Amino acid sequence: MSVTTTTHVNFRGSAREALDFYQSVFGGHTVAVTYKDAGNVQDESEADWVMWGQVVADNGFHVMAYDVPSAMPYEQGANPFFVSVRGEDADEISTLWRRLADGSNVLRPLEPAAWAPLYGMLTDRFGVTWVLDVTAPYNG
């Protein structure tokens, strides 16, 4: 079993542009799932925004990104990133979640989501926001 950590940067409407730029710099492959792709549109003007995206390169570079919906607070520079912990084993991710959640503010419980078998988000007692999920191929 193994998990990986990845920087997960947050934008408001420019995640796709940022991912394309990072791919042009570091190479690799870009994947971007929009709110529309995932069936999670809350504001029609944001349907084509990136709900989940990443660039992965053979040289080890990996960054994830998304567009914070307007219904959520966002101040560029104040909440610019999350730490994403991903793994294939639900038991392992659940165990890590329980440990990390102690004393944390749970923003979204670890539970099934349309885009992952398990997904959760919390802010720990040090102010760091973590996203934990069980990886699965996107079937959109």
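This structure is a prediction, so every number in the text was calculated from the model and none was measured.
Taking each heavy atom of Pro69 and Tyr35 in turn, the nearest pair found is CD-OH, 3.3 Å. Summarising the geometry of Arg16 relative to Ala32, their closest heavy-atom pair is NH1-CB, 3.7 Å, with the distance given to 0.1 Å. Nearest approach of Ala113 to Arg108, heavy atoms of both residues: CB-NH2, 3.7 Å. Listed here is the closest heavy atom pair of Ala101 and Val106: CB-CG2, 4.5 Å. The two atoms that bring Val50 and Ala15 nearest to each other are CB-CB, 3.9 Å, heavy atoms only. In plain terms, the two heavy atoms of Gly27 and Ala57 that are nearest each other are O-CB, 3.7 Å.
Here the side chains of Val55 and His29 are not in contact, with every heavy-atom distance at 4.5 Å or above. Between Ser70 and Asp43 there is a side-chain heavy-atom pair separated by less than 4.5 Å. By the 4.5 Å heavy-atom criterion applied to side chains, Val33 and Trp115 are not counted as neighbours. When side chains are defined from C-beta on, Val68 does not count as touching Phe11, because their heavy atoms never get closer than 4.5 Å. In this structure the side chain of Leu107 reaches within 4.5 angstrom of the side chain of Thr123, judged on heavy atoms. Between Met64 and Trp52, some side-chain heavy-atom pair lies under the 4.5 Å cut-off. With a 4.5 Å cut-off on side-chain heavy atoms, Leu132 and Leu96 count as touching. Counting heavy atoms from C-beta outward, Val63 and Val9 have side chains that approach closer than 4.5 Å.
Tested against Arg86, the residues Thr4, Thr5, Thr6, Asp133 include a single side-chain hydrogen bond (donor to acceptor under 3.5 Å, both in side chains) partner, Asp133.
Within the 3.5 Å criterion, the main-chain N or O of Gly28 finds a donor-acceptor partner in the side chain of Gln23. The closest donor-acceptor contact from the side chain of Tyr22 to the backbone of Phe61 lies at 3.5 Å or more, if one exists at all. A donor-acceptor pair under 3.5 Å links the side-chain atoms of Ser24 to the main chain of Phe21, judged by distance alone.
Atom CG of Asn59 sits in a crowded spot, with more than 12 heavy atoms from other residues, nucleotides or ligands closer than 6.0 Å. Remark: Phe81 CZ is loosely packed, at most 12 non-hydrogen atoms of other residues, nucleotides or ligands lying under 6.0 Å away. Environment of CD in Glu111: crowded, with over 12 heavy atoms of neighbouring residues, nucleotides or ligands closer than 6.0 Å.
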For side-chain contact (heavy atoms from CB on, under 4.5 Å), just list the numbers for Thr7 and Val83, CA-CA rounded to whole Å, side-chain angles, deciding distance to a tenth of an Å, and then say yes or no.
CA-CA 5 Å; Thr7 302; Val83 178; over 6 Å; no
Step by step, would you call Trp130 with Leu100 a side-chain contact (heavy atoms from CB on, under 4.5 Å)?
CA-CA 9 Å; Trp130 296 79; Leu100 195 56; 3.5 Å; yes
Apply side chain to side chain donor-acceptor pair (under 3.5 Å) to residues Asp37 and Thr34 and explain how you reach the verdict.
CA-CA 5 Å; Asp37 294 336; Thr34 66; 3.1 Å; yes
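To the nearest 0.5 Å, atom CG of residue Asp124 and atom OG1 of residue Thr129 are 7.5 Å apart. To the nearest 0.5 angstrom, Met121 atom CE is 9.5 Å from Ser84 atom OG. In this structure, Asp20 CG and Ser14 OG are separated by 11.0 Å, a value rounded to the nearest 0.5 Å.
Side-chain N/O atoms of Thr30 and Gln54 include no donor and acceptor closer than 3.5 Å.
Ion pairing of Arg12 with Asp67 is absent here, as no side-chain N (NZ or NE/NH1/NH2) approaches a carboxylate O to less than 4.0 Å.
Phe82 and Val56 are not part of a single hydrophobic cluster, where members link through side-chain heavy atoms under 4.5 Å apart.
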